[in-house]
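For reference, the structure is listed below as structure tokens.
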Amino acid sequence: MASSTPPLPRPAVTGPAPAAPRTAVLAACADVVLILIFAAIGRDAHQRGDVVTGVLATAWPFLAGAALTWLTLRLWRAPLPVWPAGAAVWLGTVALGMILRAVTGQTVVLPFVIVALLSLGVFLLGYRLVAAAVRRRNTRRRNP
């Protein structure tokens, strides 16, 4: 028997608008470059040789952690907001990176975890904060 009551309206979908593909690619590339810079700075601080292969050996667990976070949370849809995308990729990169380092026999000690959290937080959240400020400034200029 058919109901005579009208269907309830569906709630509007809220959240950030999907990012342009170019924005997602640039954000992913920025994450990769900043993780590589983190690894290069760390290796240089400890005066380790094998510059290119050493940086890649240090960076790969963090790059894998970032990639898994991007894929799991589908961050390409809105990669630039500090929350939740920036915080997720930052914490996912560090947590999964440390797990992969431990599983593969690489060093995981508390001081390194702290340095990675702080450094990657500054890098991965920092450029997103700058991008948000630029977006706000541009929006204000267009809508005085």
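When a residue number appears, it is its place in the shown sequence, counting from 1. Values below: every heavy atom of this structure, side chains too, minus hydrogens, waters and symmetry copies.
Considering every non-hydrogen atom in both Pro79 and Trp70, the closest pair reads CB-CH2, 3.3 Å. When all heavy atoms of Ala88 and Leu73 are compared, the closest pair comes out as CB-CD1, 3.5 Å. Of all the heavy atoms in Ile35 and Ala59, the pair that sits closest is CG2-O, 4.2 Å. Heavy-atom minimum distance, Phe62 versus Leu120: CD2-CD1, 4.2 Å.
Hydrophobic cluster of Trp83: no remaining members, since no ILVMFWY side chain lies below 4.5 Å from it. Hydrophobic cluster membership of Leu26, counting Ile, Leu, Val, Met, Phe, Trp and Tyr whose side-chain heavy atoms lie under 4.5 Å apart directly or via other members: none, as it forms a cluster of its own. In the hydrophobic clustering, where aliphatic and aromatic side chains (Ile, Leu, Val, Met, Phe, Trp, Tyr) are joined below 4.5 Å either directly or transitively, Val115 stands alone.
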Worked check of side chain to side chain contact (heavy atoms under 4.5 Å, CB included) between Trp76 and Leu71: CA-CA 8 Å; Trp76 57 85; Leu71 291 171; 4.0 Å; yes
What do the steps show when you test Tyr127 against Leu80 for side chain to side chain contact (heavy atoms under 4.5 Å, CB included), and what is the final call? CA-CA 9 Å; Tyr127 87 87; Leu80 288 180; 3.9 Å; yes
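In this pair, Phe112 and Phe38 present their aromatic rings parallel. The plane angle is below 30°, not in the 30 to 60° band.
Two different hydrophobic clusters hold Val32 and Val25 under the rule that ILVMFWY side chains link at heavy-atom gaps under 4.5 Å. Criterion: ILVMFWY side-chain heavy atoms under 4.5 Å apart, direct or through other members. Under it, Val52 and Ile37 are part of a common hydrophobic cluster. Residue Leu129 is grouped with residue Leu34 when hydrophobic side chains (ILVMFWY) are merged at heavy-atom distances under 4.5 angstrom, including chains of intermediate members. By the rule that hydrophobic residues join a cluster once side-chain heavy atoms approach within less than 4.5 Å of another member, Val89 and Leu100 end up as members of separate clusters. Criterion: ILVMFWY side-chain heavy atoms under 4.5 Å apart, direct or through other members. Under it, Met98 and Val109 are part of a common hydrophobic cluster.
Rounded to the nearest 0.5 angstrom, Trp90 CH2 and Leu117 CG are separated by 6.0 Å. Atom CG of Leu96 sits about 8.0 Å away from atom OG1 of Thr72, to the nearest 0.5 Å. Between the CG atom in Leu91 and the CG atom in Leu125 there is a gap of 8.0 Å [rounded to 0.5 Å]. Between the CD1 atom of Ile41 and the CG atom of Leu36 there is a distance of 11.0 Å, given to the nearest 0.5 Å. To the nearest 0.5 angstrom, Thr58 atom OG1 is 6.5 Å from Gln106 atom CD. Here Leu56 contributes atom CG and Arg43 contributes atom CZ; the two are 9.5 Å apart, rounded to the nearest 0.5 Å.
Heavy atoms from other residues, nucleotides or ligands lying under 6.0 Å from CZ of Arg74 number 12 at most. Atom CZ of Arg22 has 12 or fewer neighbouring heavy atoms from other residues, nucleotides or ligands inside a 6.0 Å radius.
Side chain of Arg128 to main chain of Leu124: a donor-acceptor pair is present (N/O by atom type, distance under 3.5 Å, no hydrogens or angles).
Under the 4.5 Å side-chain criterion, counting only non-hydrogen atoms from C-beta, Thr104 is in contact with Trp60.
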